[in-house]
Every structure is written in structure tokens, then in C-alpha cells.
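It should be emphasised that the depicted structure is a prediction, and the values quoted were computed from it without experimental measurement. Counting convention: from 1, in listed order, for ligands and their atoms alike. Positions are given from 1, in the same order as the sequence printed here.
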Amino acid sequence: MKEIRVVELFAGVGGFRLGLEGWQGKSASSHYTKPFKSPYKVVWSNQWEPSSARSGELQEANMVYHHNWPDTPDSKHYPHDLNSVASPDFTDKKVDGLIPDHDMLVGGFPCQDYSVAGVNTKGIEGRKGVLWWNIHKILKVKRPKFVFLENVDRLLKSPTNNRGRDFAIMLATLNDLGYTVEWKAINAADFGMPQRRRRVYILAYQKSSIKVKDLLQWIETDGVFATAFPSSFHGPIKELQLEEDLKLISDQYNEGKFLNCGVMKDGKVLMSDFKAICPRTALKDYSLKYQLLGDILLNGEMNDEPSFFIDANKKLKEPLLKIMQTGFEVDARLKRQGDVVELHTELDKWIYLKGRKAEERISSKGKFYYKEGPLSLTDDLNKPSRTIITSEGGPGASRFKHLIEIDGKFRRLHPIELERLNMFPDNHTAIGTGNDKEVAIGPAKRAFFMGNALVVGVVEKVGEELKKRM
Ligand SMILES: C[S@@+](CC[C@H](N)C(=O)[O-])C[C@H]1O[C@@H](n2cnc3c(N)ncnc32)[C@H](O)[C@@H]1O
């Protein structure tokens, strides 16, 4: 099998790399128990956390990446701002010299405002700091045959004041560079994976690399996504032709949001919403071992980890008092005196935050009631998990962190459990290496990494399907 040279941008802790290369010769879908022969080889990767740079914190994602994949003569990690290697202001020659040649560019990039600031002699001018234009610059200079990107599904309908414009700009720029593009908003849990995480995956291929004849057939049955993640159309099929002039799209696009799966060739777009088709018998093809939240738990091992448990009896130093709208019912487990709800324990705080409330607050305009509906206190172990968010770590009570109850004890999820929900190897983020020293990574940072990462099994499946067509 011929090697496929990959550049991984916005690498985080390496979700794309794990999905494409596997880990120590084993596959993510078997949770690293079964051999995995992969032609993909990451030759260059890049990661930089701007908020850590501002606060002076260590670049711990880079340290984790270095620890797992130390540099070799044919694979280098570049731990600095992407703007320092692929700024749209750089000459093509400079970018060409800084980034090695590759067959495939991959990355999960931030969802920002992609509007075009102007068109000048050098070409289109994206807005400063908008990382899409850095990707665009690399594609323009290096022309990899394949591009594989991941983003929040909001990208298909951004920005709010002009639905779909940003994705239209993306598609039009890729069209301009000679790519055919297909995309699909995939919820990993619809295909047997242990987390309900819905992200849009985008594949672009140079027209000469993969030939797409019938657009409808491509998104229905023949395309890479349709084959790897089968589905049936759900709702009408929409067609549109993108303008060639990017500035015109940026200023005047008015076709609305993009649907959840689609294809674009020569500016012609065909798309639809869909329903996943994954019979129970196929679940294990996507994730052999872990499909439900209950499957990924550490159980016995957690007895040595008291910081993850919520002590239901330990009293707070001072009770917390919350004033409710008169007559508003709150969770019956909480103590109440008239309009005042009293929180006496750490568990009370979780019950309160996840529960229904109409809490008195004061703003510059005067008194108002902040209202929220009820969420389940604990997560259902018999379902795939809810989406992991970046603030999942840390001991503080929260409305959105996962909370589970086992044998009457409440606890948060351990970083290994969060890694399993993304189909990472156990303890992938436990240690980082910087200046030749190993450093233990704290649980809140590990949770942050998993909130940013992707479900590796999705990437593996796309990689497997794509390589058959190469
Ligand atoms: C959505 S996350 C991708 C996570 C990754 N797929 C993984 O599996 O861990 C986006 C990443 O882009 C990084 N990033 C943001 N701005 C960047 C910049 N200017 N240069 C390089 N990386 C950047 C963030 O730190 C974050 O790790």
C-alpha cells in the first residue's frame, strides 16, 4: 500500500492522527485490541492554544502530542501559532518552504466569520485571524489531493444573520482550487459509538483523484460518507449553483442554511437532511467494545479516586440561599423556607443547578427571574453519553457536566472515561513532554482536551473508506 502523507492542523491531542494511523498498530474501533494496517502517515502537525498563550499557561496539548508522537526525521510537530507558518500575508514561496509536501490535509478548525474583506491583486482577502484563510493559503500553495476537515454542525448555518453564507464561502473557495466536496453531519452515537457528538465532516478531493459523476447517487449510496455512514434521505433534496465571484457570495448569499449531507462539484450543490441507517448487527463494526455510557466506566478502580465523588452528606461551610419566584416549584429534594431554597451540601448544588428554577436576580433594569427547565440529575448509563464539553473537568457543581450514580453514590467522569467516550486510548492525555521532562497533566485540562477533540472512530471509518478509492 502506498504511503499517504498527511498534515494534521489544529491537532489538539491528535484525534485525526489516531483515527487515520491507529495506535501502536491497533485500531480505535476495537479500542486498540485489533491490528490495523494503515497507509496514512502524519508527516507534519501543528497545534497552538491561543488562550494558554495569553494567560502564560503551558501549551499542554503540544506536550501531550510530543509525548505520544516524538519527532522523527520524517514526522515533525510544530508547536506554534499557525499564523507563523501559513499567514495569508506570506508569499506562496515562504509557505511552500515551511510546510512539507503532503497528499492529505486534515484538521478540526474553529468556526469563525469567513466573510471576505476584499479582493486584491494577490487574490481574495479573508479577515485577519480567521483560520479558514490560513487553511486556504496552504491548500493554494501545496495542493494536496485530499482534504478532511471537522467542525461544529453550526458551520452549516452560520452566521446567524445570514444563514449558510460561511459554508458557501468555504465551498466556493474549495471549488476555485479544483476540489469536489462532500460533507455529512454525523452523530457518532447513531453509528454505535459511545458519545452523542454531532459534528460536520467535510471531505474534498481534487477532481482528478476521485471522479464523481452523478451527484445524487454520490450522497445517497456511492460517496465516501454514504458508504461509511449509510443513511436515507429525510426531507427534500435541494439544489443550488454557487456564484463564482467570492466577493459576491460574501456580500449577497441568500440561499439559507446548508442541509446535513451534500456534495458540491463545479459549483453545483446537491444536499438533503437524512436519517442514519445502522442496524444493531452493524454497531460493533464502529465500536467493538464501548457503545453506551455504562460500557466505558472504570467502576472498581474509582474507589481510589475520591475527588471524583460527590459527598452527599458533607455540609457546606455556609448554606447557599436562592430566592425563587413566589410559588415556583423546585426539586423536592431541596429544603425550602417560603421563597428561599437552601442548599446545604455539595449534592444540593448539583440538584439545584440541574433542576428547574425561577431565580431572583438583579440587573441594571431592576429585579427579574432567571428561569431554567429541569435536566436529569444523573446521566443514563444505558444510552450513549451526552456530548463532552470543554468545561467537563474540575470538582465544581455544574448544570452541564456529566454526573452518574452507581450503588447510591454520585460521581463525575474520570479523564480515562472521557477518553473512552472519544475512542482515544486509555490515558492518552495523562502525561506530556516538554523540554525533555515528563509532566503529569491535571484532570481538568484532560477534560478540556476531550471537550475539544472528536470521536476517533468516525475518522477511522472515513479513512478506511477513502483509502479504497485511492
Ligand atoms: C477543535 S480543536 C481540535 C482538536 C483535535 N481534533 C483533537 O482531536 O484533539 C481545535 C484546536 O485548534 C487549536 N488552535 C486554535 N487556534 C490555533 C492557531 N492559531 N494555531 C494552531 N492551532 C490553533 C486549539 O488549541 C485546538 O486544540
Side-chain angles (χ1 to χ4, degrees), residues 6-23 28 42 44-55 57-69 76-90 95 98-99 105-112 126-138 147-155 186 188 193 195 197-202 387-392 415 418-425 428-429 432 441 445-460 462-463:
V6 178
V7 157
E8 183 180 32
L9 299 181
F10 312 103
V13 289
F16 266 103
R17 188 165 189 166
L18 288 171
L20 292 173
E21 288 186 356
W23 179 241
V42 172
W44 193 85
S45 48
N46 172 239
Q47 158 61 30
W48 179 250
E49 177 54 54
S51 65
S52 298
R54 280 192 294 274
S55 67
E57 276 179 59
L58 293 172
Q59 291 283 331
E60 287 177 301
N62 278 325
M63 295 166 72
V64 168
Y65 201 97
H66 269 306
H67 183 79
N68 289 301
W69 295 283
K76 296 257 184 290
H77 185 66
Y78 183 77
H80 302 287
D81 191 340
L82 183 63
N83 284 295
S84 64
V85 278
S87 162
D89 295 339
F90 291 179
V95 175
L98 291 168
I99 298 180
L105 180 123
V106 305
F109 60 111
C111 179
Q112 297 170 301
R127 294 190 188 279
K128 280 251 171 312
V130 175
L131 292 156
W132 168 247
W133 300 113
N134 301 52
I135 301 177
H136 175 256
K137 178 80 180 182
I138 301 173
V147 186
F148 182 14
L149 305 168
E150 176 249 9
N151 211 308
V152 289
D153 55 358
R154 191 178 71 242
L155 173 64
I186 297 165
M193 295 180 238
Q195 189 186 164
R197 193 177 186 92
R198 209 168 100 102
R199 291 291 183 266
V200 59
Y201 290 85
I202 302 155
T387 307
I388 306 168
I389 52 169
T390 47
S391 57
E392 188 75 47
L418 298 173
E419 287 164 347
R420 289 179 180 177
L421 291 177
N422 274 331
M423 298 171 72
F424 274 65
H428 179 83
T429 59
I441 308 293
K445 211 32 173 299
R446 292 177 66 185
F448 176 80
F449 294 152
M450 287 302 106
N452 253 339
L454 43 73
V455 181
V456 172
V458 177
V459 174
E460 176 181 314
V462 174

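Listed by chain and residue number, nothing satisfies the side-chain hydrogen bond (donor to acceptor under 3.5 Å, both in side chains) test with Asn151 (two or more places apart in sequence, or in another chain). Glu460 is linked by a side-chain hydrogen bond (donor to acceptor under 3.5 Å, both in side chains) to Ser29, counting only residues two or more places apart in sequence or in another chain. Listed by chain and residue number, Ile389 satisfy the side chain to side chain contact (heavy atoms under 4.5 Å, CB included) test with Ser391 (two or more places apart in sequence, or in another chain).
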For ligand 1, find each of its N or O atoms that sits under 3.5 Å from a protein N or O atom, and tabulate the pairs with distances to one decimal place.
residue	atom	partner	partner atom	Å
ligand 1	8 (O)	Gly15	N	2.9
ligand 1	9 (O)	Val13	N	2.9
ligand 1	14 (N)	Trp48	O	3.0
ligand 1	19 (N)	Asp81	OD1	2.8
ligand 1	20 (N)	Leu82	N	2.9
ligand 1	22 (N)	Trp48	N	3.1
ligand 1	22 (N)	Trp48	O	3.1
ligand 1	25 (O)	Gln47	NE2	2.9
ligand 1	25 (O)	Trp48	O	3.1
ligand 1	25 (O)	Glu49	OE1	2.7
ligand 1	27 (O)	Gln47	OE1	2.8
ligand 1	27 (O)	Gln47	NE2	3.3

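Of the residues Arg198, Arg197, Arg199, the one that meets the salt bridge (Lys or Arg N to Asp or Glu O under 4.0 Å) test with Asp153 is Arg198.
Ring-plane geometry between His428 and Phe424 is classed as perpendicular, the angle between the planes exceeding 60 degrees on a 0 to 90 degree scale with a lower cut at 30.
Using modelled atom types and a 3.5 Å distance limit, the side chains of Thr429 and Glu419 yield a donor-acceptor pair.
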